[in-house]
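In what follows, a single structure is set out as structure tokens and then discussed.
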Amino acid sequence: MSDETKAPTSDTSRHFIRQLIADDVAAGKNGGEVVTRFPPEPNGYLHIGHAKAICINFGMAKEFGGRCHLRMDDTNPAKESDEYVENIRTDIAWLGFDWGKNFFYSANYFDRMYALAEALIERGHAYVCELTQEQWKEYRGVPISPGRPSPFRDRMPAENLALFCRMKAGEFADGTLCLRAKIDMASPNIHFRDPVIYRILRVPHYHTGDMWCIYPMYDFAHPIEDAIEGITHSLCSLEFEVHRPLYDWVIDRMDELGLLVVRNGHKIRPIQREFSRLNLPYTIMSKRSLIQLVQDRVVDGWDDPRMPTLCGFRRRGYTPAAIRAFLEAAGVTKFKCITDIALLEHCIREDLNKTAARRMAVLDPVKVVVDNYPEEQEEFFDAQNNPEEPSAGTHSVPFSREIYIEREDFMETPAKKFFRMAPGQEVRLRYAYLFTCTRVEKDAAGKIVAIHGNYDPASRGGTAPDGRKVKGTIHWVSVKHAKPVEVRLYDRLFTVPDPMGDETKTCTDFLNPESLRTITGYVEPALLEARGGERFQFERVGYFCADTRASKPGVPVFNRTVTLRDSWAKIAPK
RNA sequence: UGCCCGAUAGUGUAAUGGUAGCACAACAGACUCUGAAUCUGUUUGUCUAGGUUCAAAUCCUAGUCGGGCAACCA
């Protein structure tokens with residue numbers, strides 16, 4: 001095992017998980033093998049927070065030449081369904097990760113979990129408890145003082161076995177009996193105070209149907225699943241840290257029973273390690289609240305481009321590479337943090353700058369009449385598809401006497417340092433001609449309805465033969481060739497950084513009314529061929545993606561992924 | 001109040017007893033047929049107090065602040 005070749009490169013952070021695994025591999029632990037897992041519960045869609053766990057688990061496995069299992073953690077049938085399973089698979093594959101043949105369900109292991117529970121009972125490590133939940137609450141006690149043992153704690157194994165069997169057979173009502181691990185009622189760690197490991201739940205499971213009416217709890221099921229699959233590193237988020245001793249307890253019991261996997265002569269003893277979740281300002285990551293937004297139709301489904309879900313980011317136009325780069329840049333620690341949205345936006349711009357085709361589109365048009373350009377004439381210019389990537393070639397853009405430009409690219413009385421279009425101020429119409437405004441036409445209200453001016457015929461292509469410098473270059477579309485299309489401008493969904501932070505309110509109290517603005521934009525003809533999912537840079541405006549749902553052949557609808565950086569906006573006078 | 005975890009520029013993250021770096025953001029400049037991109041530069045940081053040590057962001061002690069834990073959820 002050469003760790004030289006697997007050492008992280010200088011541009012990836014040597015975060016503590018990466019170091020831990022590198023050390024284990026170097027020490028030859030588990031035969032140097034790395035097997036991780038991503039265990040979503042199929043009760044909702046994956047969001048960018050999950051993407052962090054996905055990138056860590058799949059990423060570490062990939063980096064160290066191992067594998068990562070995808071496992072549906074479906075031990076609570078009340079909330080789970082196949083709809084979610086399929087979407088989870090789609091999103092992870094889209095993110096760029098491959099679980100190969102290692103796709104599992106917790107439900108696959110129900111038999112073995114039951115058998116292990118029986119073995120625990122036989123060895124006096126578990127008992128059937130008849131206390132009600134309310135009673136138990138009192139017995140368990142509070143963290144600052146020890147709990148009291150359940151009156152059923154010392155029941156004989158044979159009796160426990162019989163009761164457990166009858167629980168399985170469906171002889172008892174939901175919530176009446178449960179199986180508890182017998183650990184330590186005095187432990188300062190609440191999770192050690194005889195935790196429930198099986199409960200009675202008469203809910204059909206989306207895969208096992210009504211085969212079971214008892215289901216294992218997460219704390220019992222998870223280590224078993226990891227152990228059975230020979231997981232070496234079980235990497236999860238911080239809230240499971242206090243569960244770790246219990247995780248280890250179950251693994252110890254399995255070890256005693258000789259149930260740990262032996263691979264290439266190495267007994268695989270899974271270890272759990274925890275990292276902090278991803279937090280982003282102005283959004284929410286709570287599955288429950290996300291479901292609420294969908295159900296209340298606050299957003300247009302799970303994949304609404306304002307949602308922090310992976311399908312939402314996808315529809316918005318984000319690339320998997322950008323999301324992976326963002327998560328790598330954000331790092332992995334145990335510190336509860338809030339990562340700046342600017343970093344995410346930086347990552348998507350960086351990716352799209354290299355890959356997105358350039359097109360011209362005017363989103364807030366004002367008409368410009370080129371007075372000295374022949375009425376019926378039209379001509380075509382070659383525009384680069386991507387100046388960052390010359391091999392992307394060119395496309396043809398039509399020009400005529402009347403064009404649209406952005407309203408904000410004109411000032412009748414130009415501000416200081418405004419070097420776009422203004423009376424008497426020469427500008428370049430990108431790829432076309434140099435142009436100088438001579439006068440404006442206004443309506444009764446004083447609003448500019450048209451701008452007039454003349455072009456320099458000798459500047460065809462955008463350069464003057466005399467080499468004179470023109471500071472401003474603006475985009476445009478030919479009125480007669482322009483096509484109106486629907487454009488959706490997205491902004492943050494909430495108006496405050498932490499919409500869940502106020503306990504007296506719900507996140508919907510902070511919805512941003514401006515989070516979606518639908519407008520009509522005028523685009524160059526080449527854009528009409530855009531197919532759903534195709535990404536573009538509208539020059540000088542931003543990155544846009546043809547919506548996968550609303551676009552029809554020849555009639556695209558564009559979603560704004562992110563604006564371009566705009567240093568003029570910062571200095572422009574108000 | 002008991003236990004667990006954490007604290008490094010505005011934000012996020014490195015430095016593993018030996019020169020506090022990087023990215024994003026901000027600011028300034030260069031360049032530019034995108035006020036984009038690119039390039040150059042600048043500002044800003046080890047929670048506090050003790051201790052160990054030739055040397056502490058790092059080790060120890062105490063404190064402060066923040067987060068988590070008391071579902072038959074995951």
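In what follows, every chain begins at residue 1, and chains take the letters A, B, ... in the order their sequences are listed.
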**Q.** Same-atom distance (C1') from B:G41 to B:G50, integer angstrom
**A.** 41 Å

Q. Mind checking whether A:F538 and A:F544 have parallel, tilted or perpendicular rings, split at 30° and 60°?
A. parallel

Q: Verify the contact: side-chain N or O of A:K334 to OP1 or OP2 of B:G68, cut-off strictly under 4.0 Å; return yes or no.
A: no

Q.
If you assign each of A:A569 and A:D73 to its closest nucleotide in RNA chain B, which residue comes earlier from the 5' end?
A. A:A569

Q.
Let's test this: given Watson-Crick or G-U wobble pairing with both distances under 3.5 Å, identify the partner of B:A14.
A. none

Q | Protein-nucleotide distance (A:K469, atom NZ; B:U32, atom P), rounded to Å | A | 6 Å

Q) When the C1' atoms of B:G10 and B:G18 are considered, how many whole Å apart are they? A) 30 Å

Q) Between A:R420, A:R428, A:R430, which is the residue that forms a salt bridge (charged side-chain N to carboxylate O under 4.0 Å, His left out) with A:D409? A) A:R420

Q | Atom-pair distance (CD1 on A:I348; C1' on B:A37), nearest Å | A | 15 Å

Q) Distance check: side-chain N/O of A:T339 vs OP1/OP2 of B:C24, anything under 4.0 Å? A) no

Q) Atom CD of A:E350 to atom P of B:A25: distance rounded to whole Å? A) 10 Å

Q: Describe the nucleic acid contact of A:D566 in one word from base, sugar-phosphate, nothing, applying a heavy-atom distance below 4.0 Å.
A: sugar-phosphate

Q) Which nucleotide, in any strand shown, forms a Watson-Crick or G-U wobble pair with B:U40, with both distances under 3.5 Å? A) B:A28

Q.
Of the options B:C72, B:C24, B:A74, whose atoms approach the side-chain atoms of A:H243 most closely?
A. B:A74

Q: Return no unless some side-chain N or O of A:T75 is found under 4.0 Å from OP1 or OP2 of B:A74.
A: yes

**Q.** Separation of B:A36 P from A:N386 CG (nearest whole Å)
**A.** 17 Å

**Q.** Presence of A:Q133 side-chain N/O under 4.0 Å of B:C73 phosphate oxygens OP1/OP2
**A.** no

**Q.** Assigned glycosidic conformation for B:A20 [threshold 90° from 0]
**A.** anti

Q) For atom P, what is the distance between B:U1 and B:C65, given to the nearest Å? A) 9 Å

Q) Do A:F38 and A:H69 have ring centres separated by under 6.0 Å? A) no

Q: When you get a sec, tell me which of B:C73, B:C69, B:A14 is the closest nucleotide to the side chain of A:H15?
A: B:A14

Q.
Can you see whether A:Y114 has A:K168 sitting over its ring - NZ or CZ less than 6.0 Å from the centre and within 45° of the normal?
A. yes

Q. Between A:M185 (CE) and B:A70 (P), how many Å, whole number?
A. 14 Å

Q. Using purine N1 to pyrimidine N3 plus N6-O4 or O6-N4 for Watson-Crick, or N1-O2 and O6-N3 for G-U wobble, each under 3.5 Å, what pairs with B:A70?
A. none

**Q.** A:E345 CD to B:A36 P, straight-line distance once rounded to whole Å
**A.** 16 Å

Q: Please measure how far the C1' atom in B:A15 lies from the corresponding atom in B:A56, and state the result in whole Å.
A: 13 Å

Q. Using atom P of each nucleotide, how far apart are B:U61 and B:U13 to the nearest Å?
A. 25 Å

Q) If you check the A:K570 side chain, which of B:U34, B:C24, B:A26 turns out closest? A) B:A26

Q: Establish, with yes or no, whether the OP1 or OP2 oxygen of B:G67 is under 4.0 angstrom from a side-chain nitrogen or oxygen of A:R277.
A: no

Q: Look at all strands and tell whether A:L131 reaches a base, only sugar-phosphate, or nothing, counting heavy atoms closer than 4.0 Å.
A: base

Q.
Side chain of A:A330, heavy atoms from C-beta onward: which of B:G12, B:G35, B:C5 has the nearest atom to it?
A. B:G12

Q) Can you tell me how far P in B:U58 sits from the matching atom in B:C47, rounded to whole Å? A) 8 Å

**Q.** Between B:U46 and B:A57 - P atom distance, rounded Å
**A.** 11 Å

Q) Which comes earlier along RNA chain B counting from the 5' end, the contact point of A:R349 or that of A:R430, where each point is its nearest nucleotide? A) A:R349

Q) Ring centroid separation for A:F110 and A:H205, is it under 6.0 angstrom? A) yes

**Q.** Nearest listed nucleotide, side chain of A:T333, among B:A7, B:A70, B:A14
**A.** B:A14

Q. Is A:W568 stacked on the base of B:G35, with ring centres under 5.5 Å apart and planes under 30° apart?
A. yes

Q.
Output the rounded distance in Å from CD (A:Q537) to P (B:U34).
A. 11 Å

(Q) For A:E389, is there an ion pair with A:K354 - N to carboxylate O distance below 4.0 angstrom? (A) no

Q | Between P of B:C72 and NE2 of A:H191, the distance in whole Å | A | 11 Å

Q) Think A:R565 has a side-chain N or O under 4.0 angstrom from the OP1 or OP2 of B:A37? A) yes

Q. What is the pairing partner of B:U46, taking Watson-Crick or G-U wobble pairs with both distances under 3.5 Å in any strand?
A. none

Q) For the side chain of A:L343, counting heavy atoms from C-beta on, which of B:A23, B:A37, B:A74 is nearest? A) B:A23

Q) Quick one: are the ring centres of A:Y218 and A:H222 less than 6.0 Å apart? A) yes

Q) Heavy-atom distance under 4.5 Å between the side chains of A:L352 and A:R535, does that happen here? A) yes

Q) Is there a side-chain polar atom (N or O) of A:R428 under 4.0 Å from OP1 or OP2 of B:U34? A) no

Q. Between A:F536 and A:F558, how do the two ring planes meet: parallel, tilted or perpendicular, split at 30° and 60°?
A. perpendicular

Q. Nearest of B:A74, B:G35, B:G2 to any side-chain atom of A:P188?
A. B:G2

Q. Quick one: which of B:C73, B:A37, B:G12 gets closest to the side chain of A:E388?
A. B:A37

Q. Is there a Watson-Crick or G-U wobble partner for B:U64 with both distances under 3.5 Å, and if so, which one is it?
A. B:A7

Q) Of the nucleotides B:A74, B:A70, B:A15, which one has an atom closest to the side chain of A:R140? A) B:A70

Q.
Quick check for you: among B:C72, B:G35, B:U13, whose closest atom lies nearest to any side-chain atom of A:K417?
A. B:G35

Q: Return no unless some side-chain N or O of A:H346 is found under 4.0 Å from OP1 or OP2 of B:C24.
A: yes

Q.
With a 4.0 Å limit, can you tell me whether A:R540 has a side-chain N or O closer than that to the phosphate oxygens OP1/OP2 of B:U32?
A. no

Q. With a 4.0 Å cut-off on heavy atoms, is A:Y198 in touch with a base, just the backbone sugar-phosphate, or nothing at all?
A. nothing

Q | Any-strand Watson-Crick or G-U partner of B:C59, both distances under 3.5 Å | A | B:G51

Q | Nearest-angstrom distance, P atom, B:G17 to B:A70 | A | 36 Å

Q.
Applying a 4.0 Å non-hydrogen cut-off, can you work out what A:I197 is touching in the nucleic acid: base, sugar-phosphate, or nothing?
A. nothing

Q. What does A:I190 touch in the nucleic acid at a heavy-atom separation under 4.0 angstrom: a base, only the sugar-phosphate, or nothing?
A. sugar-phosphate

(Q) Categorize A:F326 for me: base, sugar-phosphate, or nothing, with a 4.0 angstrom heavy-atom threshold over every strand shown. (A) nothing

(Q) Below 30° counts as parallel, above 60° as perpendicular, anything between as tilted: where do the rings of A:F381 and A:Y433 land? (A) perpendicular

Q) Across the strands shown, which category fits A:P387 at heavy-atom distances under 4.0 angstrom: base, sugar-phosphate, nothing? A) base

Q. Taking OP1 and OP2 of B:C72, is either one under 4.0 Å from a side-chain nitrogen or oxygen of A:R202?
A. no

